[in-house]
Amino acid sequence: DLPIQSIKELSELHPKPADLHFQYGTAGFRTLGSTLDSVVFRVGLLAGLRSKKLDGKTIGVMVTASHNPEEDNGVKLVDPRGEMLEASWETHATVIANAPTTDALIDALEAVVRNAKIDLSKPAKVVYARDTRRSGPALISALENGFKALGAEGRNAGVTTTPILHYLVKAINTKDTSESYGEDSEEGYFKKLSQSFKKLTAGKVKPEPLIIDCANGVGALAAAKFATHLGETLPLTLANTAISTPGALNNVCGADFVKTMQRLPSGLVDHLKPGQRACSLDGDADRLMYYYLDERGSFHMLDGDKIATLVAAFIVDLVKNAGLDSEIKVGVVQTAYANGASTKYLAERLPVKCVSTGVKHLHHAAEHYDIGVYFEANGHGTVLFSQPTQERFANYEPSTPAQSTALNHLINLTQLINQTVGDALSDMLLVEVVLAHKSYTGVEWNSLYADLPNRLVKVVVSNRAAFKTEDAERRLVSPQGLQAKIDELVRKYEGGRSFVRPSGTEDVVRVYAEAALKAQSDELAFRVAGLVY
Ligand code: NG1
Ligand code: ZN
């Protein structure tokens, strides 16, 4: 049975605010940090139940609100293979978070135990971490009370990035197995990635220093550790590392700022030399944006689509050079927000699939390829190597030295890339590997294709639930008749493309438009927004 007495006592310390409704969305629970105490306590209970359900495997809990403003916070669960929580449990999470009283909470927990057929005699293990937000420590205490109430065993991974927490979950659950993901410590993560980076860049020209905008968040800590591990192999200059300055997190800096504003973050303005590479992390270091200034001081952004293109083309070449192209297929997954020029470039070379917004959709689609590259335009993404593919690399016998070199690079890539989730720092090392191999600067990378001008706008509507989509969110099925009007407008613009979908994380409807000319993409976006409003 559930330890009802201890749940009751501790739940009374974390009452649910009566007037608030919480929703486990694409990024877990995310809202004002000051309102999340009861939610995080209950997530502690739920994480314990999830672990019991999975025979005592270790579950992850991350307390972060990523690129959101500093006052926000959030919490999400990580499944044993380092992946996002299974969808059916998102519903359990929402029900449990909204139970109005302690008694209602107990009823809701008992319903989950029944529905999910949980054997309560199993052990419960959880590993957890938080970002640098000031609301973090108190929320971690609430989370620990949740573990205590259920009798779950917790391991505190401290203040670290979301992707490191995902790494730890997978490393813990694969420890001492043939699929071991690495040492189950932060140090193990840094060693694994740095060592493979060094192997992949051995003999290459030493790169110019790379500037990292750490968004004044937890990425600053991880980037500093990489700087130590990598030393001369990759000189790193860290900017926006003020993790304890109130109000600094994600403020006029970070990957989301750069993507949205399409300009340099503060803290870099006086430091970046023409042509020098720089990149931005977001507040929990799972998104990455690259950019550079040209000789005239113009800003050029290399976003998730540019990263996907660079990386996919590199891997396709390696597979071919290894002599494995007849048996190992590389594919790319994007969303409707991918720039049309990137989709065109990729589709001429390999299979490309478009799925709904949200990392879990991309991740699952990428699992269907032997090697699946997925990136959202906003810079979140990774590369997945299927288990059979990794086994094939291990037992394949190359017939020439060139094949052998390419094979070794592929094997080292499986170690360099954090395959559990998008990881800004792992992705950064991946980009640096490709640039080193190709002898590319940002300019050559950027010239692989030219982005189509585009515009993304938000529209506040009275009822965003009225907006329903199909075809990977590229077309509206309701409100009735609206899609036909959008189609009619789009036809008037050369290279025009536009779509409308309700946001999964904000109470808005998003309108995206592309066209051959900048003024046209802006105009199309605003005219479509006018139809929506
Ligand atoms: P919504 O709010 O559903 O558009 C946003 C991002 C997604 C994804 C999620 C989760 C855009 C246009 N949308 O989703 O790509 O990152 O947040 O954080 O960037
Ligand atoms: Zn993030």
Side-chain angles (χ1 to χ4, degrees), residues 23-31 62-70 72-76 78 84-85 90 129-133 160-166 213-219 222 249-250 253-262 280-289 303-305 308 333-339 354-363 374-382 418 421-427 454-461 464-465 467 469 472-474 498-514 525:
Q23 173 82 36
Y24 196 101
T26 35
F29 294 107
R30 193 180 290 185
T31 181
M62 185 70 200
V63 174
T64 179
S66 185
H67 57 278
N68 283 38
E70 187 168 314
D72 286 3
N73 215 325
V75 60
K76 57 188 166 189
V78 180
M84 305 220 178
L85 179 67
E90 294 183 1
R130 65 172 175 93
D131 69 15
T132 54
R133 285 178 162 77
T160 196
T161 71
T162 295
I164 291 178
L165 192 264
H166 283 252
D213 155 25
C214 301
N216 296 313
V218 68
L249 178 68
N250 297 325
C253 62
D256 195 61
F257 171 85
V258 170
K259 176 66 179 166
T260 321
M261 304 305 290
Q262 313 210 0
S280 287
L281 319 176
D282 73 340
D284 62 342
D286 61 357
R287 288 192 191 181
L288 178 70
M289 280 290 142
D303 65 0
D305 300 337
V333 186
Q334 300 185 306
T335 73
Y337 292 106
N339 194 279
C354 179
V355 300
S356 295
T357 308
V359 180
K360 66 181 173 211
H361 298 118
L362 290 117
H363 193 96
Y374 74 83
F375 272 89
E376 290 190 293
N378 63 30
H380 186 114
T382 186
N418 187 342
V421 75
D423 180 334
L425 290 164
S426 164
D427 290 338
N454 60 87
R455 183 80 191 220
L456 181 62
V457 293
K458 296 181 194 184
V459 186
V460 179
V461 294
R464 114 185 116 120
F467 292 79
T469 61
E473 304 178 319
R474 288 174 289 192
S498 180
F499 64 93
V500 173
R501 59 173 280 280
S503 161
T505 61
E506 285 178 73
D507 196 10
V508 297
V509 164
R510 297 196 200 282
V511 175
Y512 179 88
E514 264 175 21

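What you see below is based on every heavy atom in this structure, not just the backbone, and it leaves out hydrogens, waters and symmetry mates. One-based numbering, in listed order, for ligands and for the atoms of each.
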Consider every N or O of [X] and every N or O of ligand 1, then say whether any pair is closer than 3.5 Å.
X      : result
Gly504 : yes
Thr505 : yes
Arg501 : yes
Thr26  : no

Nearest-0.5 Å distance that lies between atom [atom1] in [X] and atom [atom2] in [Y]:
X      : Y      : atom1 : atom2 : result
Asp427 : Asn418 : CG    : CG    : 8.5 Å
Asp286 : Met62  : CG    : CE    : 9.0 Å
Leu288 : Leu281 : CG    : CG    : 6.5 Å
Arg474 : Arg501 : CZ    : CZ    : 13.0 Å
Met289 : Asp282 : CE    : CG    : 9.5 Å
Met261 : Asp256 : CE    : CG    : 11.0 Å

- prompt: Mind checking whether Tyr337 and Tyr512 have parallel, tilted or perpendicular rings, split at 30° and 60°?
  reply: perpendicular

- request: Name the closest protein heavy atom to atom 6 (C) of ligand 1, giving the residue it belongs to and the distance to 0.1 Å.
  value: Asn378 ND2, 3.9 Å

- request: Please report which non-hydrogen protein atom sits nearest to atom 18 (O) of ligand 1, along with the residue it belongs to and the distance in Å to one decimal place.
  value: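 In this structure, atom 18 (O) of ligand 1 has Arg287 NH2, 3.7 Å as its nearest protein heavy atom.
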
- request: Could you tell me if any non-hydrogen atom of Glu376 lies under 4.0 Å from any atom of ligand 1?
  value: yes

Tell me the contacting part of [X] for ligand 1: side chain, backbone, both, or neither, using a 4.0 Å heavy-atom threshold, strictly below.
X      : value
Lys458 : neither
Thr357 : side chain
Arg510 : side chain

- prompt: Is the shortest side-chain N to carboxylate O distance from Glu376 to Lys259 below 4.0 Å?
  reply: no

query: Are Arg30 and Asp72 within salt-bridge range, i.e. N to O under 4.0 Å?
result: no

- prompt: Excluding waters, which protein N, O or S atoms are within less than 2.8 Å of the Zn ion (ligand 2)?
  reply: Ser66 OG, Asp282 OD2, Asp284 OD1, Asp286 OD1

message: My understanding is that we take every heavy atom of each candidate and find the minimum distance to atom 1 (P) of ligand 1. Doing that for Gly304, Ala336, Ser503, which one comes out nearest?
response: Ser503

Quick one: does any side-chain atom of [X] pair with a main-chain N or O of [Y] as donor and acceptor, under 3.5 Å?
X      : Y      : result
Asn250 : His67  : yes
Ser66  : Asn68  : no
Asn378 : His380 : yes

message: Under a 4.0 angstrom heavy-atom cut-off, which atoms of ligand 1 come close to Tyr337?
response: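 Going through ligand 1 atom by atom, the ones under 4.0 Å from Tyr337 are 12 (C).
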
